[in-house]
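All remarks here apply to the structure that follows.
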Amino acid sequence: GSILPGTMLLISSPCAMDDLKDTVAVNIRRLRNQKGWTQEDLADRAGLSVRYLGQIERAQTSTTVTVLGRLALALKVEPAELVELVSGKL
């Protein structure tokens with residue numbers, strides 16, 4: 001069972017998940033700041049604790065699809081916008 005050069009391997013990489021957490025964090029922070037809201041403002045609107053929102057915005061925790069939906073609803077964006085890689089808008 002050796003792997004030949006040029007063989008593509010599908011590997012579930014933890015760093016890919018870290019990248020997604022970073023993307024979500026940047027997008028939530030960017031959208032919140034565009035509205036001029038504090039973390040407390042967004043947390044109240046989404047029904048989350050400020051501490052949990054802070055952890056999401058610092059990419060220190062993964063979040064559920066349900067929470068992403070609540071954040072998207074509060075921010076008045078499509079949930080997909082929270083996971084899209086937006087270059088040049090950090």
Side-chain angles (χ1 to χ4, degrees):
S2 62
I3 299 170
L4 300 173
T7 303
M8 282 194 92
L9 299 176
L10 298 176
I11 299 172
S12 177
S13 168
C15 65
M17 292 308 294
D18 288 344
D19 289 347
L20 189 55
K21 280 194 305 189
D22 289 339
T23 299
V24 168
V26 167
N27 287 335
I28 290 172
R29 193 176 322 112
R30 175 179 52 81
L31 291 163
R32 177 178 61 76
N33 287 332
Q34 283 176 356
K35 294 187 178 296
W37 293 351
T38 63
Q39 284 185 340
E40 189 172 356
D41 293 332
L42 178 53
D44 287 346
R45 286 172 166 87
L48 304 174
S49 73
V50 176
R51 180 178 174 177
Y52 183 49
L53 178 60
Q55 290 174 339
I56 294 168
E57 284 195 2
R58 290 188 302 277
Q60 293 177 334
T61 188
S62 294
T63 188
T64 64
V65 172
T66 302
V67 170
L68 281 179
R70 287 163 56 181
L71 286 165
L73 189 62
L75 290 163
K76 296 181 173 52
V77 298
E78 290 297 319
E81 194 171 333
L82 299 181
V83 295
E84 285 177 341
L85 185 57
V86 181
S87 57
K89 293 193 177 180
L90 299 181

- Got more than 12 heavy atoms from elsewhere within 6.0 Å of CD, Glu40? no
- Message: To the closest 0.5 Å, what do you measure between CZ (Arg29) and CD1 (Ile56)?
- Response: 11.5 Å
- Rounded distance [0.5 Å steps], CG in Leu68 versus CG in Leu82: 6.0 Å
Following the transitive rule for hydrophobic clusters with a side-chain heavy-atom cut-off under 4.5 Å over Ile, Leu, Val, Met, Phe, Trp and Tyr, establish whether [X] and [Y] coincide in one cluster.
X: Val50; Y: Val67; value: no
X: Val24; Y: Leu73; value: no
X: Val77; Y: Leu20; value: yes

Would you name the heavy atoms of [X] and [Y] that are closest together and state the gap between them?
X: Gln39; Y: Glu57; result: NE2-OE1, 2.9 Å
X: Arg70; Y: Leu48; result: NH2-CD2, 3.7 Å
X: Leu75; Y: Lys35; result: O-CE, 3.0 Å
X: Arg32; Y: Trp37; result: NH1-O, 2.9 Å
X: Ala25; Y: Ala59; result: CB-N, 3.9 Å
X: Leu71; Y: Ile28; result: CD1-CD1, 3.5 Å

- Query: Is there a donor in the side chain of Asn33 and an acceptor in the side chain of Arg30, or the other way round, less than 3.5 Å apart?
  - Reply: no
- Item | Asp22 side chain to Asp19 backbone, donor-acceptor under 3.5 Å | no
